[in-house]
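Heads up, the thing below is written out as structure tokens.
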Amino acid sequence: MLPLLTAQQIREADAYTISNEPVSSIDLMERASKAFVGWFVNHYPDRKESIAVYCGSGNNGGDGLAISRMLFEHGYTQLDVKIASYSNRSTADFDTNLARLIQLAIPITALLPGEDLLQENAAIIIDALLGTGLNKALSGDYEKLAKFINGLSAGKVAVDIPTGFFADGEMPVDAPVIKADVVISFQQPKINFLLPDSAKYVDCWQTVNIGLSETFTNSLDSPYQFLEEKDARALIKPRHHFSNKGTYGHAFIIAGEAETMGAALLSSSACLYAGAGLTTACIPQAGLFALNSSHPEIMAVLRQDDEQLNIEWDKYTAVGIGPGLGKKAIALQLLSDVLERFCNPIVADADALNLLAENPILLKKLPAESILTPHMKEFDRLFGEHNNWWQRMQTARVKAAELGINIVLKNDYTLIITPHGKVYFNSTSNPAMATGGMGDVLTGIITSLIAQKYQPEEACLLGVYIHGKAGDELALPDRAYVVTPTQIANRLPATMAKLLA
Ligand SMILES: NC(=O)C1=CN([C@@H]2O[C@H](COP(=O)(O)OP(=O)(O)OC[C@H]3O[C@@H](n4cnc5c(N)ncnc54)[C@H](OP(=O)(O)O)[C@@H]3O)[C@@H](O)[C@H]2O)[C@H](O)CC1
Ligand SMILES: [K+]
């Protein structure tokens, strides 16, 4: 896992790397700036491109000065450096890079407090004003400058973090932030890049490695971790000869009403394709033909609305409940039965979550390590409204620990929150997957993995990863505009096999 650090921890990592590598801070800045320029020259190769570099007087600004010098040395001829001289303080590394820059024939203009901002005609703006040293929302001259830059049609590339954007913690609503087309961030994404509140400020981000000490960053045991391919490869279990359907468990998917059989088919088929040895779907009588004609491999337990079901719970190694289930009495009865009679962790999604929200007493009956898979609205119905995602994430951590459960909070970078305080951000999935039914598929996958004896946390991590990875494999090569949940489910065997290759 890639540990995700707060701004404070990044400063600590800087200091540790400087003293232990060792490397001087000016050389670490040189390394960071060089990494940025390495990306920049590949994406903006035209040396005649007009570029304005806006620099603060801290180390983010120091980066900007070093970047300007390096671009000049790479043959960029239309450079223009603007220094926001709004503070009488500057860092030593900023001063060193300013002394180096003034040796070169690059125009340098000081932006003075209260001064009107001149016309800016550059095609590209490099934002090196403020970085992770931001300690409050922009105001005064900086706010004016940010709004001026946002009003320009130029392309905008932010150094490390868009000026005015908080690396972590609650973003003040409507904080003035320079909206970057791309952010080149040092070492790893900032935590807030991965939460939806960043969407209006950060179109896309890339990271460049600057060699911060991994010994140190790992030693921080950050609660926030980025789930990547190598982690999924470490989790997935190879299949061996002489294994049989019994080896891979028996999953029970309780889903669907007559008019929402699609959710039952999507969740149970995903369970099948993710490798459960046996899959049984608990569906309304009316859905049997649809099930048999689409997936003869999936067995059925049929529900009649007015009939008490006698389910042999011991037959099953995993239960997933909720997709398309509705909230009628029979659904609540089934949920109560599961909580009474099934001792292993369950997966609760969709209508099961809504029923839990309406009957919170049932939350305490969830078997340990059970998994809730809410999207934002389902989460807030369960645990209350939130003003922003940072707050929502902290509530999820508290509730997961309090209830001893895992919470899969679905989003672009789906969050997996464990009862032990960890928050894993998933690195796969893409906007082509924004289609109804994706949650049903995810429920089926996670239930399937639990049936196959993955630990609940592992099932969440691997399940969320392969769900998004299948979507990436389907969408990205041909830049498909949309991929469907059915395509995702069908893709799973190949996606999982590739992780073992
Ligand atoms: N390991 C790394 O990632 C490296 C990152 N580098 C770069 O360093 C910056 C962080 O630099 P830092 O000097 O800590 O801070 P900034 O440049 O972001 O900010 C400078 C000072 O600005 C003041 N400040 C803070 N908030 C505001 C605000 N809202 N309005 C005005 N001014 C503000 C604050 O000073 P005070 O005196 O006001 O407290 C900041 O200190 C990082 O982003 C990278 O770009 C290194 O180059 C290499 C390693
Ligand atoms: K910046």
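Residue numbers run from 1 in the order of the sequence given. We count ligands from 1, going down the list as the structure has it; atoms in each ligand are counted the same way.
Nearest to atom 15 (O) of ligand 1 among the protein's heavy atoms is Gly133 CA, 3.2 Å. Summary of contacts: the protein heavy atom closest to atom 29 (N) of ligand 1 is Lys136 O, 2.8 Å. Nearest protein heavy-atom contact of atom 5 (C) of ligand 1 is Phe186 CD1, 4.0 Å. The closest protein non-hydrogen atom to atom 10 (C) of ligand 1 is Thr132 OG1, 3.4 Å. Taking atom 33 (C) of ligand 1 as the reference point, the nearest protein heavy-atom neighbour is Leu130 CD1, 4.0 Å. Protein heavy atom nearest atom 17 (O) of ligand 1, with residue, atom name and distance: Asn60 N, 3.0 Å. Among protein heavy atoms, the minimum distance from atom 42 (C) of ligand 1 is reached at Asp160 OD2, 3.2 Å.
Between the side chain of Asp472 and the backbone N or O of Ser429, at least one donor-acceptor pair lies under 3.5 Å. Judged by distance alone, with hydrogens and angles left aside, the side-chain atoms of Thr418 form no donor-acceptor pair with the main-chain N or O of Asn406 at under 3.5 Å. Between the side chain of Gln391 and the main chain of Asn387, a donor-acceptor pair closer than 3.5 Å is present. Although no hydrogens or angles enter the test, the distance criterion places no donor-acceptor pair under 3.5 Å between the side chain of Gln78 and the main chain of Lys48.
Around the CD atom of Glu214, the shell of radius 6.0 Å holds no more than 12 heavy atoms that belong to other residues, nucleotides or ligands. Within 6.0 Å of CG in Asn42 there are more than 12 heavy atoms belonging to other residues, nucleotides or ligands.
Contact annotation for Ile161 and ligand 1: no heavy atom of the residue comes within less than 4.0 Å of the ligand. Looking at Asp63 against ligand 1, only its side chain comes within 4.0 Å, counting heavy atoms. Here Ser25 has no heavy atoms under 4.0 Å from ligand 1, in either its backbone or its side chain. Of the heavy atoms in Ile210, only side-chain atoms (C-beta onward) come closer than 4.0 Å to ligand 1. Within the 4.0 Å heavy-atom criterion, the part of Arg89 lying near ligand 1 is the side chain and not the backbone.
The option from Asp14, Asn59, Leu129 that lies nearest to atom 4 (C) of ligand 1, judged by heavy atoms, is Asp14. Of all the listed residues (Ile67, Asn135, Asp27), Asn135 holds the heavy atom that lies closest to atom 24 (N) of ligand 1.
Within ligand 1, counting atoms from 1 as listed, the ones closer than 4.0 Å to a heavy atom of Ala137 are 29 (N).
With a cut-off of 3.4 Å, the K ion (ligand 2) has an N, O or S atom of Leu130 in range. Checking Pro162 against the K ion (ligand 2), every N/O/S atom stays at or beyond the 3.4 Å cut-off.
The six-membered or imidazole ring of Phe186 lies away from that of Trp39, with a centre-to-centre distance of 6.0 Å or more. Taking the six-membered ring where the residue is Trp, the centroids of Phe425 and Phe226 are separated by 6.0 Å or more.
With a 4.5 Å cut-off on side-chain heavy atoms, Ser57 and Arg89 do not count as touching.
Comment: Arg31 does not engage Asp63 in a salt bridge, judged by the lack of any side-chain N to carboxylate O separation of less than 4.0 angstrom. Between Arg69 and Glu30 there is a salt bridge, since at least one side-chain N of the basic residue sits less than 4.0 Å from a carboxylate O of the acidic one.
Our summary of the site lists the angle at the K ion (ligand 2) between OD1 of Asn60 and OG1 of Thr163 as 100°, to the nearest 10 degrees. Here Ile161 contributes O and Asp127 contributes OD1, and at the K ion (ligand 2) these two atoms make an angle of 120°, given to 10°.
Ligand 1 does not have Ser87 within reach: every non-hydrogen atom of the residue lies 4.0 Å or more from it.
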Exercise. Do Lys179 and Asp127 pass the salt bridge (Lys or Arg N to Asp or Glu O under 4.0 Å) test, and can you show the C-alpha distance, the side-chain angles, and the key distance before you say yes or no?
Worked result: CA-CA 10 Å; Lys179 189 182 178 318; Asp127 160 19; over 6 Å; no
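Of the polar atoms of Leu212, none of the N or O atoms is found under 3.5 Å from an N or O of ligand 1, judged by distance alone.
Side chains of Thr6 and Asp168: no donor on one and acceptor on the other come within 3.5 Å.
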